[in-house]
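One structure is given here, and the rest of the page talks about it.
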2 protein chains.
Amino acid sequence: MSEPRPKFRREPATQRKEALIQAALGLIAEQGIGGATVRAIAQRADVTQGLIRHYFSSKEDLIAAAYEYHMDRMTELTAAPVADPEVTARQRLGTFVAAGLTSPVMDTRSVTLWASFISSLRYDNNMRAMHQRTYYNFRNRLEVLIADALAEAGRPASEGELRRMAIAGNAVIDGLWMEGGALPDAFETGELARIGLQSVGAITGLELDRTAVEQTDRNLPTKEEGEP
Amino acid sequence: MSEPRPKFRREPATQRKEALIQAALGLIAEQGIGGATVRAIAQRADVTQGLIRHYFSSKEDLIAAAYEYHMDRMTELTAAPVADPEVTARQRLGTFVAAGLTSPVMDTRSVTLWASFISSLRYDNNMRAMHQRTYYNFRNRLEVLIADALAEAGRPASEGELRRMAIAGNAVIDGLWMEGGALPDAFETGELARIGLQSVGAITGLELDRTAVEQTDRNLPTKEEGEP
DNA sequence: GCTGTAATTATACACTTGCATAATTACTCG
DNA sequence: CGAGTAATTATGCAAGTGTATAATTACAGC
């Protein structure tokens, strides 16, 4: 009668793993960590639940992999626009700051995801180790950019000063990123990126305002709203 | 024979509610949102699970109440040391910043709790409304302090500038607070408070360094560790 | 084409979840 | 002291949880 259509397809391991990770991330973002049940993840990845255990030793394992995936992708997205070596060190720093405070890095989904993972730091050593890694990865990149920009301006900074500036700059970016993701309607388009540039500028003593906003200011939803 | 010892005690409603909230907060902090089951909460509050439904219309309701409780208590703890009107506006600002970056406001438990709640912003309107309220509550307090300090220094700022400074200052505090709570061993005692003062100082153009650290520098665990 | 093997599905299980409902019990007020 | 009432406990339930195990089935290599 009808040709015997295969009931399922065998996919390469990396592809299946990624599909499962994406499904988990989507569910966590939309419904919180509690929404990411094995059955829901499997359904969203178009697969039966048994397969999860075939690729990950446990559900916890899958969640950890998803966290790593998400965080690495975010630092990568922030750092990518900085690749161009033709450009001033000051401009590279500005681009980095602005990229971290603009879509797609700064959005509700990313912030929600990140918060879900942070909340497990207290009781999950694996997650804590991963957080530490991704945190230093981001901060060290920022520190290098600051060091270069300061050297370029003829005012090289000491190790301690660099550390302090990197910690503070990272905090501003993180804080603004969170606020923008948590309350997307509370700020005008590009406002947080501008504030980020001014603030990191003030902290480092560099003029960053007019370096990079224009390049990354597009593709944010156009919303403005006064606060109560 | 033995005197008939009562099998339970009737407690005032507010007390029982608070006990349940505390139990929920403890569980969320220690085991994440998933650890806060009705049974676990009840057990921790020395009560049977039915009582939860007697005081809260649902578990979700209790969790929301716990969030409100926690956030209000944290802003209160940050704002309390500022009450003294004898003191310079600049000093009050410094005290505020330092208090938010010192124990007990800045600690792993608080950060973990906060993250658990933030992660539900995407799908829970109630939580989102509450987050908005607590966010503006904190930021507006900061804005007033900045405005006063600037006026005192003879450099009053425009509405727009104040808004920007408050957003940025709030971001620094939040960002440092988070980092300190997430990786408590990565910073020296008082380091983050110092960085916070310098940063908010740089953002507002005020000298805050030597204003308030000494007063709030105590009671942090003494740990230092270099980063990888 | 056949076959071995690993990917995938199917099924089952023991346990936990939030909530509803009924049965107790402590305390208040007369 | 005796009853009424609301706080509290006790019990039950249907649905959902993660995981283990067995049964299928697609596909690569001969």
| Distance check: side-chain N/O of A:H54 vs OP1/OP2 of C:dT8, anything under 4.0 Å? | no
| request: Could you work out which one of D:dT19, C:dT9, D:dT8 sits closest to the side chain of A:S58? | output: D:dT19
| message | I'd like to know if the side chain of A:T134 and the backbone of A:M71 have a donor-acceptor N/O pair within less than 3.5 Å. | response | no
| task | Rounded off to whole Å, could you give me the CZ-to-P distance for the B:R53 and D:dA6 pair? | result | 18 Å
| task | Return the nearest nucleotide to the side chain of B:F8; candidates are D:dC27, C:dT25, D:dA6. | result | C:dT25
| remark: Taken to the nearest whole Å, CZ/B:R9 to P/C:dT28 is 12 Å
| query | Quick one: are A:V87 and A:D84 in side-chain contact, heavy atoms under 4.5 Å? | reply | yes
| message | Is the phosphate of D:dT8 approached by B:R16 (side-chain N or O, under 4.0 Å from OP1 or OP2)? | response | yes
| message | Does A:R39 contact D:dG16 through a side-chain donor or acceptor facing the base, at a distance under 3.5 Å? | response | no
| message | Under 4.0 Å from OP1 or OP2 of C:dT17: is there any side-chain N or O of B:T37 that close? | response | yes
| query | Which is true for A:Y55 with a 4.0 Å heavy-atom rule: it touches a base, it touches only sugar-phosphate, or it touches nothing? | reply | sugar-phosphate
| Just checking, any donor-acceptor pair under 3.5 angstrom between side chains of B:R139 and B:Y135? | yes
| How long is the line joining CD of B:Q49 and P of D:dG12, in whole Å? | 13 Å
| task | Check the distance between D:dG16's P and A:Q43's CD and give it to me in whole angstrom. | result | 12 Å
| Hey, are A:R164 and A:E143 close enough for a salt bridge, meaning a charged N less than 4.0 Å from a carboxylate O? | no
| request: Can you figure out which of D:dT11, D:dT19, D:dT25 approaches the side chain of A:R10 most closely? | output: D:dT25
| request: Let me know, please, whether B:E60 or A:E11 comes out on the 5' side of the other along DNA chain C by nearest nucleotide. | output: A:E11
| request: Nearest whole angstrom, please: distance from the P of C:dT11 to the CD1 of A:I52. | output: 18 Å
| request: Specify the separation, in whole Å, of atom CD1 of B:I41 and atom C1' of C:dT16. | output: 14 Å
| message | Given 3.5 Å as the limit, does a donor-acceptor pair link the side chain of B:N140 with the main chain of B:Y136, or not? | response | yes
